[in-house]
Amino acid sequence: AVCCAVVKQAADCLGFALGAVWQIADPDIVVLGGSVIKDFDVLNPLLSAALQKYVQSVSTRQLRVVTAKLGGDQGMLGAVYNAADLHLKG
C-alpha cells in the first residue's frame, strides 16, 4: 500500500512538472528516460491522469509522452562517452 502511494505521488509530481513545461514551452512531445521508464507501463496511466488534472488545455491537442529508445541507460552512456572523450584528448 505504501509503495502504491509513493508511485501515485511520484506520477502526480511528474505530471505537475510536465504540465507546467507544456503550458510554458508547448512542446510537441516529451521524451522520458532514465530509471523512471523502467516500469513505465505502471506509471503511464497515473501520469496521464495527473496531466489531465494539471494541464489547462486551450487546445484539443494532447501532450505526447514517450520513452527514450535507449531505455534507462542514457546517463551511463553519456558518462562513458564523456570519459572516453576526456581520455582521448589527453
Side-chain angles (χ1 to χ4, degrees):
V2 173
C3 292
C4 291
V6 169
V7 171
K8 285 181 182 180
Q9 184 177 9
D12 193 67
C13 290
L14 184 57
F16 178 82
L18 290 178
V21 169
W22 187 27
Q23 292 186 47
I24 293 168
D26 193 28
D28 291 326
I29 190 169
V30 171
V31 180
L32 297 178
S35 61
V36 73
I37 66 168
K38 291 191 188 268
D39 290 315
F40 193 67
D41 55 329
V42 173
L43 184 66
N44 191 29
L46 300 170
L47 179 58
S48 294
L51 282 169
Q52 288 179 359
K53 176 176 153 183
Y54 291 117
V55 172
Q56 309 226 342
S57 179
V58 293
S59 72
T60 58
R61 188 172 70 91
Q62 286 191 334
L63 176 61
R64 288 182 46 212
V65 178
V66 298
T67 58
K69 290 185 179 182
L70 293 176
D73 297 330
Q74 296 87 343
M76 179 186 63
L77 292 172
V80 168
Y81 175 81
N82 191 37
D85 188 48
L86 290 173
H87 178 71
L88 292 174
K89 288 183 179 177

Visitor: If you take all heavy atoms of A50 and G15, which pair is closest and at what distance?
Guide: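 The answer is CB-CA, 3.9 Å.
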Visitor: Please confirm whether the backbone N or O of L18 pairs with a side-chain atom of Q23, one donor and one acceptor, at under 3.5 Å?
Guide: no
Visitor: Distance from I29 atom CD1 to W22 atom CH2, nearest 0.5 Å?
Guide: 13.0 Å
Visitor: Crowded around F16 CZ? As in, over 12 foreign heavy atoms under 6.0 Å?
Guide: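 Atom CZ in F16 is not crowded, with 12 or fewer foreign heavy atoms closer than 6.0 Å.
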Visitor: Mind checking whether D39 and V7 have side chains closer than 4.5 Å, heavy atoms only?
Guide: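 A side-chain contact under 4.5 Å is absent here.
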Visitor: Check D12 with K8, please: is the shortest side-chain N to carboxylate O separation under 4.0 Å?
Guide: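 Result for this pair is no, no salt bridge flagged.
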Visitor: Rounded to the nearest 0.5 Å, how far does CG of L14 lie from CG of L43?
Guide: 6.5 Å
Visitor: So, for L32 and L47, which heavy atoms are closest and what is the spacing to 0.1 Å?
Guide: CD1-CD2, 4.0 Å
Visitor: Please tell me if the side chains of L63 and V55 come closer than 4.5 Å, counting only heavy atoms from C-beta onward.
Guide: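 The answer is no; the side chains never approach within 4.5 Å.
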Visitor: Side chains of T67 and V36: closer than 4.5 Å at any heavy-atom pair?
Guide: no
Visitor: Contact between V65 and V31 at the side-chain level, heavy atoms closer than 4.5 Å - yes or no?
Guide: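 No, their side chains stay 4.5 Å or more apart.
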Visitor: What pairs of residues pass the ring pair (Phe, Tyr, Trp, His ring centres under 6.0 Å) test when at least one of them lies in residues 23-47, not counting sequence neighbours?
Guide: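 Every pair satisfying ring pair (Phe, Tyr, Trp, His ring centres under 6.0 Å) with a residue in residues 23-47: there are none.
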